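Quick notes on the structure that follows.
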There are 2 protein chains.
Amino acid sequence: MQLTFSPVPKLTTSSTAAQDYLEQIHRLIGSKGYARVADIAAALEIAPASVTAMIQRLDAEGLVVYEKYRGVVLTKDGREIAEEVVKRHEVLASLLRSFGLDEATIYQDVEGMEHHISKATLRVLTTIVEELEANPKLLARLRERL
Amino acid sequence: MQLTFSPVPKLTTSSTAAQDYLEQIHRLIGSKGYARVADIAAALEIAPASVTAMIQRLDAEGLVVYEKYRGVVLTKDGREIAEEVVKRHEVLASLLRSFGLDEATIYQDVEGMEHHISKATLRVLTTIVEELEANPKLLARLRERL
DNA sequence: TGTCATGTTTAGATGCAACTAACTTTTTCG
DNA sequence: CGAAAAAGTTAGTTGCATCTAAACATGACA
């Protein structure tokens with residue numbers, strides 16, 4: 001008997017660019033209910049043509065469902081990746097925000113760092129954020145030192 | 001009278017790849033006294049030909065001095081960039097190491113994140129690391145929670 | 001000192017992710 | 001309803017960072 005293998009997502013799409021698209025598509029669907037090419041392009045500050053190219057690739061990899069001229073929807077796999085990226089984003093952003101960094105710096109650093117955080121590192125950062133939230137004295141003391 | 005401008009480093013070389021080269025060249029010079037193409041290639045796990053291409057670019061940008069077949073040396077500008085990258089690397093690594101992450105994870109995450117850390121974020125992370133070093137009770141408590 | 005192994009460079013190709021310009025489809029509204 | 005505007009797509013180009021294969025330089029040593 002021939003064994004069949006479950007279609008493991010083919011992680012070609014660990015590219016940080018692809019993750020950025022998935023993240024934005026997820027955010028747009030969350031806030032507006034749908035994700036149009038023009039909105040994705042605006043959010044990522046790139047040309048619409050580039051968005052078309054990428055969502056075709058993401059569709060081929062099974063992370064979104066794309067219908068020409070109709071817009072795009074996340075698959076389960078795509079949503080899972082998007083949610084992980086968002087989670088990492090949130091943790092990093094709240095850490096930096098708790099120390100009072102300006103939003104522009106937060107945006108830039110988080111955008112750069114978020115793709116490279118493993119599960120293990122995410123747990124470390126989450127723990128730190130939780131402690132600082134639970135322990136405002138500590139946070140205040142550390143902020144002093146900046 | 002014609003004004004002359006001081007040669008601001010031309011930050012084309014904010015590319016993360018370029019930073020990786022500068023960091024490794026710096027490390028090699030630090031440990032062996034010199035940086036050969038083959039060693040850089042081995043450290044970065046890329047082909048020697050790719051190293052040649054990059055150090056030519058870094059030379060053109062004034063970050064290294066490159067003499068064909070002779071090896072490479074950092075300029076002041078190049079060394080400054082390399083030292084910043086190393087500093088960010090060290091802070092991130094010691095944070096993760098203090099929480100007991102395995103070296104492989106540390107290496108991977110740090111390698112990815114280090115290029116995207118601004119001065120401000122570096123200060124935040126440094127402060128956290130210092131506090132954990134000064135306050136082992138806190139560290140122990142947080143490690144419990146992982 | 002000439003030869004050869006090792007190390008380095010050049011030339012040319014590839015993949016990714018962006019771009020612009022031109023074309024097509026969809027939507028809006030008079 | 002149909003024409004103009006808006007949105008989306010295709011085709012072709014670019015820059016970066018990598019690769020392989022082949023040519024070339026350097027240094028060791030027989």
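The model shown is predicted, which means the values in this text are computed figures rather than measured ones. Letters go in sequence order (proteins before strands), and every chain restarts at 1.
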### Query
What ring pair (Phe, Tyr, Trp, His ring centres under 6.0 Å) pairs are there with at least one residue in residues 18-44 of chain B, not counting sequence neighbours?
none
### Query
If you round to the nearest 0.5 Å, how far is CG of B:Leu63 from CG of B:Leu58?
6.0 Å
### Task
Mark up nucleotides 7-13 of chain D, 5' to 3', with B wherever a protein heavy atom is under 4.0 angstrom from a base atom, S wherever such an atom reaches only the sugar-phosphate, and - elsewhere.
-SBB---
## Note on the structure
In whole angstroms, the gap separating P of C:dG7 from OH of B:Tyr34 amounts to 11 Å
### Task
Starting from P on C:dG7, measure out to CD1 on B:Ile40 and report it in whole angstrom.
14 Å
#### Entry: Qualifying salt bridge (charged side-chain N to carboxylate O under 4.0 Å, His left out) pairs, either residue in residues 136-146 of chain B, two or more places apart
A:Glu131-B:Arg141, A:Glu131-B:Arg145
#### Entry: Gap between atoms CG and C1', on A:Leu44 and C:dC16 respectively (whole Å)
16 Å
### Pairs meeting criterion salt bridge (charged side-chain N to carboxylate O under 4.0 Å, His left out) with involvement of residues 14-25 of chain A, two or more places apart
A:Glu23-A:Arg27
### Task
Please list, chain by chain and in numerical order, all residues satisfying ring pair (Phe, Tyr, Trp, His ring centres under 6.0 Å) with B:His116, sequence neighbours excluded.
A:His116
### Message
Expressed as a whole number of angstroms, how long is the span from A:Ile46:CD1 to D:dG15:P?
### Response
19 Å
### Message
Using the salt bridge (Lys or Arg N to Asp or Glu O under 4.0 Å) criterion, which residues pair with A:Glu83? Sequence neighbours excluded.
### Response
none
